[in-house]
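Source: prediction; values computed, not measured. Per chain, numbering begins at 1; letters A, B, ... match sequence-line order.
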2 protein chains.
Amino acid sequence: MERMSGTARDAEAVSRFVETFAAQLVEAGMQRMAARVFAALLSSDEGAMSSAELAEQLRISPAGVSGAVRYLSQAHMVAREREPGSRRERYRVHGDQWYAALTNRDAVIRRWEGALREGVESLGPDTPAGRRMAETLAFFEFIEGELLTMMERWRVHREQLFGEPGEPGEPEPGEPGEF
Amino acid sequence: MERMSGTARDAEAVSRFVETFAAQLVEAGMQRMAARVFAALLSSDEGAMSSAELAEQLRISPAGVSGAVRYLSQAHMVAREREPGSRRERYRVHGDQWYAALTNRDAVIRRWEGALREGVESLGPDTPAGRRMAETLAFFEFIEGELLTMMERWRVHREQLFGEPGEPGEPEPGEPGEF
DNA sequence: CGCTTCTTTCAGAAATTTGTGAAGTTAAGG
DNA sequence: CCTTAACTTCACAAATTTCTGAAAGAAGCG
C-alpha cells in the first residue's frame, strides 16, 4: 500500500485529508482558511510549514496565509517561530494545541457566565426566568471546573499511551478566544 | 430594585440581556437569529414562546423565526410543542438543553474522529504526521468518554444544588449537529 | 545604509450567508 | 368541505464575510 517511491509523500492523499478535515472544522464554526491551514500543518511531517509552503500547497495568497495564521495563533492553536538567521517564519502545531484550544473555550464560557450573571441580576433571581438562568450559570461553572481536571487527566492518560510528556508550552490566559 | 408594577417584566431589561447574551453566542459560532431566539426563550418566564411572540419581541419576520427554530431544534436546544386544539406552536427550552447541546458536540467530535482515522490510514500510521494525527485522535476519544461521565456528574451536582431532577427528555443520537 | 526577501496591512472584488416578502402547505373549526 | 389561521418554503435583495493584489513595513545581509 506504499505509494510513490516511499520517500515522497503522496501529495494527493495529503490534500484529500486536509480538505476533508478542514471541512469538518468549518462545519463546526471555524473560518475556512484557518481550518485549511491548520489541517495542512497537522498533516505535515514536520508539524511546521513556512508561509510560502502553505500558500503553495493550499493555493492561496500570502495574505490569506497571514490572516489564517493570525486567527490560529490568537486561538493558541499554532505557534510562530523564526528560522534563525532568515526572514522566513515557520508556523507550528505543537503538542499542546488541543489543550490550548480548550483553554480558550474556557475563556468563551467565562464571557457567557458574565452575560448570564447580569441577566440573573437584571431579571431578578426570584423570577422563573432568573432561576432558569441561574441554573444555566451553575451548569457553566460546573463545566469550567471539569475542564480543568479533565485536562489533567488527559496528561496522565497521554503519558500512559505515548510515554513522552508533551512539551510544556505556557497555556496563557489568552485573548478573546474565538474558537 | 423592583421595576414596573412588579407584575409586568421590564421589557427593556429583558431585551438588553437577550441581545448581549445572543451576541456572545454568535461570537462563539452560532447563527445570529438562532442565538437571539434562544436567548429570548431562555429569558422568558415560561421558558416557552409562540412564533408570533418571538417575531414581535425580536422584530423579525415569521420566516426568520421558522429558520432559527429549525436550527435550534436540530441542535436539540429547543423543543416544539403544540398547544392542544390550536394551530399555534410553542417553542420551549427544557432543562436538558445543555445536556443536549453537549451531546451534539459529541456528534461533531465523532465526525472529526472519522476524518482523522482516514488521515492516519492514508498517510501511514508510522509516519511522523500519522503519529501526530493518531495522538489527536486519541485525545478526542478521551474527550468523548469524559463528556459522558461529566454529564453524569452534572446530574448529581444539579440535584444537590436545586433538588429537582430535570425532566427526562430523550437525548437521541441526533442529526448533523452543528453547534 | 541600502538592497532584498519575506510578511503584514488595506481597499475593494467576489462569494457566501442572512433575512424578507410572497406564495404554498397543513390542519382546526365551522 | 370550505375557510382561515398558522407555519414553512422559496427566490431574491441586502449585508457580511472572505480572499486577493498592491503597497507598505520589518529584518537579514552585503
Contacts table for residues 59-68 of chain B: side-chain donor-acceptor under 3.5 angstrom, sequence neighbours left out:
from: B:S61; atom 1: OG; to: B:A63; atom 2: N; distance (Å): 3.4
from: B:S61; atom 1: OG; to: B:G64; atom 2: N; distance (Å): 3.1

Protein N or O to nucleotides 15-19 of chain D N or O, pairs below 3.5 Å:
from: D:dC19; atom 1: OP1; to: A:R32; atom 2: NE; distance (Å): 3.3

Pairing of B:E12 and B:R16 as salt bridge, 4.0 angstrom limit: yes
Could you check whether the rings of A:H157 and A:W154 sit parallel, tilted or perpendicular, using 30° and 60° as the cut-offs? tilted
Nearest heavy-atom pair of A:F140 and A:W112: which atoms, and what distance? CZ-CE3, 3.4 Å
For A:E113, run the salt bridge (charged side-chain N to carboxylate O under 4.0 Å, His left out) check against A:R111, A:R117, A:R110 and tell me which one passes. A:R117
Let me know the distance between CG of A:L58 and C1' of D:dT20, rounded to the nearest Å. 15 Å
Donor on one side chain, acceptor on other, B:R153 and B:T149, under 3.5 Å: yes
For B:R32, is the CZ atom crowded, meaning more than 12 foreign heavy atoms sit under 6.0 Å from it? no
Can you name the atoms? Protein N/O to nucleotides 1-8 of chain C N/O, anything below 3.5 Å, with the distance.
from: C:dC6; atom 1: OP1; to: A:R88; atom 2: NH2; distance (Å): 2.8
from: C:dC6; atom 1: O3'; to: A:R87; atom 2: O; distance (Å): 3.4
from: C:dT7; atom 1: OP1; to: A:E89; atom 2: N; distance (Å): 3.0
from: C:dT8; atom 1: OP1; to: A:R80; atom 2: NH2; distance (Å): 2.5
from: C:dT8; atom 1: OP2; to: A:S66; atom 2: OG; distance (Å): 3.4

For atom CE of B:M49 and atom C1' of D:dA6, their distance in whole Å: 16 Å
Please give, in whole Å, the distance from C:dT17 P to B:M30 CE? 17 Å
Check whether any side-chain heavy atom of B:M150 sits under 4.5 Å from a side-chain heavy atom of B:L102, and report yes or no. yes
